[in-house]
Number of protein chains: 2
Amino acid sequence: MSAGHMAVTSPAAAPAAAVPVIVCDTPQDECGVRDVLDRLGDKWSVYVVVELASGIRRFKELQRAIPGGISQRMLTLTVRRLERDGLVKRTVYPTVPPQVEYELTEMGHSLTHLVKALADWSIAHRRAIAASHEAWDAAHPDPEAR
Amino acid sequence: MSAGHMAVTSPAAAPAAAVPVIVCDTPQDECGVRDVLDRLGDKWSVYVVVELASGIRRFKELQRAIPGGISQRMLTLTVRRLERDGLVKRTVYPTVPPQVEYELTEMGHSLTHLVKALADWSIAHRRAIAASHEAWDAAHPDPEAR
DNA sequence: CCGAATCCCATGTGATACTG
DNA sequence: CAGTATCACATGGGATTCGG
């Protein structure tokens, strides 16, 4: 897995301006974008990364800070995966009661730039998307693809 | 929903260099990043966007082009959602047999920049992540968080 | 306090068959 | 060709309980 290669060229038949055309030589993995999305696409990873972007947090602090009310189970699974990916560093202090601290690694911090780009795009197009939803829903009363 | 606001300031307690600190005034939606990830985080949307980045495609062309073998059902659901989001334009030609063409809207094309950023990050850190996986797996023989 | 174990349900996804 | 309908199954995720 993950042996994709990517190149960006000028649009050939693309409509407007300087839109990057994405080309893969290994269509099986669509240039590895899937790698990142598998990592950030779940329900909670981004929240953890965003919270840790502000500094070191303990388990309970993370749980309280994350909007929507993450369960212990999901927080555990999420930080485990992020740790395995090398995005989060986990430090255990053998005190009693136990204390565990989580922080972003350097690679984890580099991800916050991406998250910021996602947020910027999201904010910039929020209204357009909402309008598109309204229009679509008005034209399609019952069917469910929402 | 989605009334979040976001600001980027200089890192306060952040470790290293110019890492953006993400601040939300409405923690309930973590700056709207969730909006984009809900859209791109599913299994197929990115593939469709990447393929359409190269130009107009018909239903069957999309299905054949997408790696992993997407089912009719999932392709239908995926393009429906993208259409509802205003990222894809769907054009029906009332011929027989019927012909339907899909293409990215302007907003859809703007997304390809984000996808490219994700791909770049993924490629840049692929090896580091793989190494992290190996190290973690070696240290944790049996447990499953993979 | 941190987290593992278990139970249970909602959702996502695939396979197949059928229609305009 | 471009879907829709139905079923069957895997996974994600919440609630709760138990342990170090």
Side-chain angles (χ1 to χ4, degrees), chain A residues 34 37-48 51-52 56-84 88-103 136 139-146, chain B residues 30 34 37-48 51-52 56-85 88-103 136 139-146:
Chain A
R34 175 60 48 203
L37 286 163
D38 284 346
R39 202 162 336 270
L40 294 182
D42 69 2
K43 195 173 178 182
W44 301 109
S45 294
V46 173
Y47 293 88
V48 172
E51 180 60 25
L52 290 183
I56 296 175
R57 294 289 184 276
R58 298 182 52 177
F59 188 89
K60 266 292 184 194
E61 291 176 333
L62 270 179
Q63 190 175 18
R64 274 189 292 261
I66 289 177
I70 186 175
S71 63
Q72 277 192 349
R73 167 188 162 81
M74 290 317 298
L75 183 53
T76 298
L77 288 178
T78 302
V79 292
R80 278 285 180 286
R81 278 194 289 251
L82 292 174
E83 188 195 4
R84 188 172 107 99
V88 162
K89 174 159 163 266
R90 178 173 176 266
T91 309
V92 180
Y93 297 94
T95 61
V96 44
Q99 175 168 346
V100 182
E101 287 184 350
Y102 296 92
E103 62 189 304
W136 198 93
H140 306 266
D142 23 314
E144 287 306 324
R146 320 176 185 176
Chain B
E30 113 291 357
R34 175 58 48 205
L37 286 164
D38 283 346
R39 200 162 337 272
L40 295 182
D42 69 36
K43 194 173 179 181
W44 302 109
S45 294
V46 173
Y47 293 88
V48 172
E51 180 60 25
L52 290 182
I56 296 175
R57 294 288 183 277
R58 298 182 53 174
F59 189 88
K60 265 295 183 194
E61 290 176 332
L62 270 180
Q63 191 175 16
R64 275 189 292 260
I66 290 177
I70 185 174
S71 63
Q72 277 191 348
R73 167 186 163 80
M74 290 316 298
L75 182 53
T76 299
L77 287 177
T78 302
V79 292
R80 278 284 181 287
R81 278 194 288 253
L82 292 173
E83 187 194 5
R84 186 173 110 98
D85 290 337
V88 161
K89 175 161 163 262
R90 177 173 177 268
T91 309
V92 179
Y93 297 94
T95 60
V96 43
Q99 175 167 347
V100 182
E101 286 182 350
Y102 296 91
E103 62 188 306
W136 198 94
H140 306 264
D142 23 314
E144 284 308 322
R146 322 174 185 177

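Please read all numbers here as calculations on a predicted model, not as lab measurements. The chains referred to below are lettered A, B, ... by the order of the sequence lines, with proteins before strands, and numbering in each begins at 1.
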[N] [atom2] sits how many Å from [X] [atom1], rounded?
X       : N      : atom1 : atom2 : answer
B:Met74 : D:dA10 : CE    : P     : 17 Å
B:Gln63 : C:dG14 : CD    : P     : 11 Å
B:Leu77 : C:dG14 : CG    : P     : 10 Å
B:Asp42 : D:dG12 : CG    : P     : 14 Å
A:Gln72 : D:dC18 : CD    : P     : 14 Å
B:Ile70 : C:dG14 : CD1   : P     : 7 Å
A:Leu75 : D:dA15 : CG    : C1'   : 16 Å
B:Ile66 : C:dG14 : CD1   : C1'   : 15 Å

Would one find a side-chain N or O of [X] under 4.0 angstrom from OP1 or OP2 of [N]?
X        : N      : result
B:Tyr102 : D:dG3  : yes
B:Arg81  : C:dG12 : no
B:Arg58  : D:dC1  : no
B:Lys43  : C:dG14 : yes
B:Arg73  : D:dT4  : no
B:Arg90  : D:dA2  : no

What orientation do A:His140 and A:Trp136 show, parallel under 30°, tilted 30 to 60°, or perpendicular over 60°? parallel
Any side-chain heavy-atom pair from B:Asp85 and B:Arg39 closer than 4.5 angstrom? yes
Heavy-atom side-chain proximity of B:Gln63 to B:Lys60 below 4.5 angstrom: yes
Given the options A:Thr76, A:Leu77, A:Ile70, A:Leu75, A:Arg73 meets side chain to side chain contact (heavy atoms under 4.5 Å, CB included) only with A:Leu77
Sorted by position of nearest nucleotide on DNA chain D, 5' first, the leading residue of A:Trp44 and A:Pro97 is A:Trp44
Salt bridge (Lys or Arg N to Asp or Glu O under 4.0 Å) with A:Lys89: which of A:Glu101, A:Glu103, A:Glu83? A:Glu103
5' precedence on DNA chain C between A:Pro98 and A:Thr76 (nearest-nucleotide basis): A:Pro98
